[in-house]
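Written below as structure tokens is the structure these notes are about.
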Amino acid sequence: MSLRNFFRFFAHVQMLPILESGEETLVGGQAVMEGVMMRAPHSYCVAVRKPNGEIVQEDMPIARMSEKYPYFKWPVLRGLGVLGQAMSLGMKALTFSANAALDDGSTQEKKEMPKWLMVAQISFSVLFFILLYKLLPLKITEYLSNWEPILKGQILFNLVDGVIRIGLFVGFLLLLCRSKDIRRTFEYHGAEHKVVFNFESGKPVTVDNSQQFTTYHPRCGTSFMFVIMLMSMIFYIVIPVQGFAAKLALRIVMLPVLTGLSYELIRFAAKRRGSFMALLTAPGLWIQRITTQPPSDQQAEVAIQALQGAMALEQRQDGELVIA
């Protein structure tokens, strides 16, 4: 694998929570390398445009986590189930797209990413996530509090820690956006949103119709990530712990709880769009100005093929695809 493709795969793994739909819905999706993954309630399809222009796809039946394991219907736990399944499907789709990117048609031999390399990428990405969003903000805040003692207070310390975390998050996205390859992924992300909006509108799903819709979708994983960061600021304020190691451990151990609570907040906000809770999710839509870009017609075509593949498999399983 070339250094370019290695970087592309690493960046996509880091962006998995950002690029996927943050809720268990009728239809949702995720951008991948030169393609889009779409899922219906019980099916999944990823469509990718290869370097030679050909569109290839892969589909498979899936079951909702809440149907396989009833306890994932419970508040807080259902958020963990949805995100866990979304990340698993996202990795499958990302691996398929990475393999398609390696197949340039120059040889008859099928090229695939080595499994050990994928495991190494995931392990490194988890470590990078902890370092960037947990350890670094905490270390910077601790340094600032030693320089300015007023920041040692429980409230100010965690507010500054949270602001630094959000700043690093936005800065990382802006840095990634400078890459032509990642910018194309953000365009596919925009295509996925437009096609989902087109489907939800009840209009025929076509390239022309989908291009009429916005790229900013309230159920995007970008909004989900931003809500988690806002929730963490409040959460750490009300749970006092002392010492750098204890604070770092709290931030790692309580991540699943924050994930579940954030999911419930987004569900609440989606049902009450005029409420104060909905205002908390608004910054996630602003951040989508970075993570979604206007797609070309060719990119919208790929997103539509992924949706049609998921819908066709759903119908073969006698699933109902109606606008809820």
Side-chain angles (χ1 to χ4, degrees), residues 11-23 79 83 87 125-145 147-148 150-179 182 186 189 215-241 244 247-266 268-269 276-293:
H12 281 77
V13 173
Q14 282 297 314
M15 295 189 299
L16 272 180
I18 300 169
L19 298 176
E20 56 90 24
S21 172
E23 193 171 347
L83 184 62
M87 294 290 285
S125 295
V126 171
L127 179 61
F128 183 83
F129 174 85
I130 293 174
L131 290 175
L132 184 63
Y133 297 122
K134 302 301 178 184
L135 189 145
L136 187 57
L138 186 60
K139 196 65 180 178
I140 294 174
T141 306
E142 185 181 65
Y143 173 80
L144 293 175
S145 67
W147 181 66
E148 184 58 64
I150 193 174
L151 296 180
K152 290 184 179 292
Q154 181 74 11
I155 295 177
L156 277 181
F157 185 94
N158 287 290
L159 284 177
V160 172
D161 173 69
V163 170
I164 292 173
R165 184 178 300 106
I166 292 173
L168 289 171
F169 174 63
V170 175
F172 182 61
L173 291 178
L174 289 172
L175 181 62
L176 288 177
C177 198
R178 295 178 65 87
S179 164
I182 301 304
F186 289 161
H189 193 194
T215 62
Y216 311 138
H217 201 290
R219 293 197 305 270
C220 178
T222 307
S223 299
F224 189 54
M225 283 289 291
F226 203 91
V227 170
I228 289 178
M229 293 184 181
L230 290 177
M231 287 286 291
S232 67
M233 294 171 66
I234 300 172
F235 199 82
Y236 301 148
I237 286 174
V238 299
I239 301 183
V241 292
F244 180 84
K247 290 177 180 177
L248 179 60
L250 176 71
R251 281 154 173 74
I252 296 173
V253 172
M254 299 309 294
L255 183 58
V257 177
L258 286 168
T259 299
L261 291 173
S262 299
Y263 178 82
E264 297 303 323
L265 176 59
I266 287 179
F268 181 88
F276 173 72
M277 291 293 188
L279 293 177
L280 291 179
T281 63
L285 292 174
W286 304 338
I287 300 300
Q288 287 183 47
R289 296 180 182 275
I290 303 174
T291 63
T292 64
Q293 298 294 328

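Values below: all heavy atoms of this structure, side chains included; hydrogens, waters and symmetry mates excluded. As the structure is a prediction and not an experimental result, all values here were calculated from the model.
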Is any side-chain heavy atom of [X] closer than 4.5 Å to a side-chain heavy atom of [Y]?
X	Y	result
Y236	Q154	no
M225	I287	no
K139	F244	yes
I140	V160	no
L156	I150	yes
L285	F226	no

Should the ring pair F224 and Y263 be called parallel, tilted or perpendicular, given that the plane angle runs from 0 to 90° and is split at 30 and 60?
perpendicular

_Does I155, at its CD1 atom, have more than 12 non-hydrogen atoms belonging to other residues, nucleotides or ligands within less than 6.0 Å?_
no

Is it true that, when you exclude L174 itself, more than 12 heavy atoms of the residues, nucleotides or ligands shown sit nearer than 6.0 Å to its CG? yes

Between D161 and K247, is there a salt bridge with N-O shorter than 4.0 Å? no

Minimal non-hydrogen separation, [X] against [Y], with atom names:
X	Y	result
T215	Q288	O-OE1, 3.6 Å
L173	T291	CD1-CG2, 3.7 Å
L168	P137	CD1-CG, 3.7 Å
R165	R251	NH2-NE, 3.6 Å
M231	S262	CG-OG, 3.5 Å
L138	L248	CD2-N, 3.5 Å

Nearest-0.5 Å distance, [atom1] of residue [X] to [atom2] of residue [Y]:
X	Y	atom1	atom2	result
L144	K152	CG	NZ	10.5 Å
L250	N158	CG	CG	8.5 Å
I164	L159	CD1	CG	11.0 Å
I290	L175	CD1	CG	11.5 Å
F172	Y133	CZ	OH	5.5 Å
S232	I237	OG	CD1	9.5 Å

The single option from V257, T259, I252 that satisfies side-chain contact (heavy atoms from CB on, under 4.5 Å) with L255 is T259

